[in-house]
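Heads up, the thing below is written out as structure tokens.
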Amino acid sequence: MQNNVLILDFGSQYTQLIARRVRELNIFCEIKPYNHLPEDLSEYKAVILSGSPFSVRGDDAPHPDLSQIKGKKPLLAVCYGAQYLAHFNGGNVAPSSTREYGRAKLSFIDHSESFFEGISEGSQVWMSHSDTIKKLPEGAIKLASTHDVENAAYKLKDEDTYAIQFHPEVYHTTDGKKLLENFLVHIAGVAQTWTPDSFVETTVAELKAKIGDEKVILGLSGGVDSTVAAVLLHKAIGKHLHCIFVNNGLLRKNEFQSVLDQYEGMGLNVKGVDASARFLDSLEGESDPEKKRKAIGRVFVEVFDDESHLVEDAKWLAQGTIYPDVIESVSATGGPSATIKSHHNVGGLPDYMKLKVVEPLRMLFKDEVRRVGASLGIDKELLGRHPFPGPGLAIRILGDITREKVAILQEVDAIFINGLKEWGLYDKVWQAGAMLLPVNSVGVMGDERTYEKCVALRAVESTDGMTADWVNLPYEFLQKTSNDIINKVRGVNRVVYDISSKPPATIEWE
Ligand code: XMP
């Protein structure tokens, strides 16, 4: 990888955002924790130091040895990185007397450097720090200031070493992307060759070389990640890829058949396994959310295991793991420790299966998975599908699950989701769905009194599901949807709309 950029993470909440901005410039980059500096740095053309919740003066503060990097590779230090770089070179970092959070404007820029090319005084930047650089290191050159921050940017003399106190990666730094481009492309000379097409080309070649003519098993979920992983693998190894798509009886209305048809239409070698009865039987009488999840996970492993054994001589298990699942992160609260999150969309497979694991998307962010999917020619509608939880409708039916309740919720959900599509609202919403509540309420229909179920509709906007807010759907749409549901779905006489944000509420009700 000739054009790789290393982002050294000091635990900032914005580190992944730096990586995404760099990737938007069509430049590949990797995040590594500051205390796991790769031994071989030869493949990296430039290095970026991230921000951090720590203070350089704190006892636990990250103080890695930068001597392998500084002066040897083009280096950009951001926020804490800039302070640490100053500290490391004999400058002085101390608590600042004024609060330095939020918007600021660059009041002075040294334009003799190409670093700020195309960026004018008055440009807005985003600050988020409580320490400040009081004195620059010996020989450093100040490049920019704001009203409150004297040393908002500087460089080290005779080196391609740059530092900025503000965050170029956040949206509110208006020229942040331009600044990253100036540094990476013009100063460090990194080529902008990381595109979805180039990713497909190199990944297909790598997969071919790695797998040869061995057989691979992949569990399809109907979601974007597993679909894109399957199409990539299919391009590389064709019929040696054996996909399994399990119906757990808790999918959306008609979803099993329609998604299966779509997969077959793409030429994938896919087996649809209808295990609805097995899943629903295992859930009988169970109303505890975590126990429901566990039961579904357990049955999934059993079904997947049975089906995998039917693929004779399979050697590989493919998974749709993506980059946020594998980044080693620096803990911001429990001190600098490195942890690796593992991804178990397929429920975790028994050890005795002894399959080698292949994860073709493990270096991609979600938006990149979508772009790669588009470059592979996958249907736009499939790529734009809302996230749907693995346990499906089981965690949207509060309390115990019966076949009748599943059927009711499938009808309600279909009216809601189809309505969003018809009204052009589907793509404006990050995730939407309906919940069947464990309460009956009184209603009147004609002259008759009813005592039937209540459903809640939820539609949220979000970027990653970690935080979310409810969507202000038009009243006319809600009115029409509510009418349709109550008129068409037997057993439901009341519809409510969930107006809770996350936090404190979660997206799913269970
Ligand atoms: P919450 O409810 O925690 O959901 O705000 C955040 C995102 O995660 C999805 N979700 C799940 N996905 N298995 C999954 O595969 C689960 O058990 C599960 N629980 C929640 C949820 O749909 C939302 O996108």
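Atoms within a ligand are numbered from 1 in the order they appear, just like the ligands themselves. Because the structure is predicted, anything quoted here is derived from the model rather than measured.
- Of the candidates Glu508, Gln431, Lys502, the one placing a heavy atom closest to atom 6 (C) of ligand 1 is Lys502.
- In this structure, Arg298 fails the cation-pi test against Phe279, since its NZ or CZ atom is not both closer than 6.0 Å to the six-membered ring centre and inside 45 degrees of the ring normal.
- Close contacts of ligand 1 with Gly390, meaning ligand atoms under 4.0 Å from a residue heavy atom, involve 12 (N), 13 (N), 14 (C), 15 (O).
- Considering Gly465, Pro389, Ala394 only, the shortest heavy-atom separation from atom 10 (N) of ligand 1 involves Pro389.
- Residue Lys291 places its NZ atom among 12 or fewer non-hydrogen atoms of other residues, nucleotides or ligands, all under 6.0 Å distant.
- Applying the side chain to side chain donor-acceptor pair (under 3.5 Å) test to pairs two or more places apart or on separate chains, those with a residue in residues 400-412 are Lys253-Glu411, Asp281-Arg403, Asp400-Lys405.
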Acceptor/donor pairs from residues 463-471 side chains to any protein atom, 3.5 angstrom cut, sequence neighbours excluded:
unit_1	atom_1	unit_2	atom_2	d
Asp464	OD1	Met466	N	2.9
Trp470	NE1	Ile499	O	3.4

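- Checked by distance only, ligand 1 and Trp430 stay at 3.5 Å or farther apart across all their nitrogen or oxygen atoms.
- Ionic pairing of Glu169 and Arg20 is not present here: no N-O contact between side-chain nitrogen and carboxylate oxygen is shorter than 4.0 angstrom.
- For ligand 1, the polar-atom distance check finds an N/O of Ile507 within less than 3.5 Å of one of the ligand's N/O atoms.
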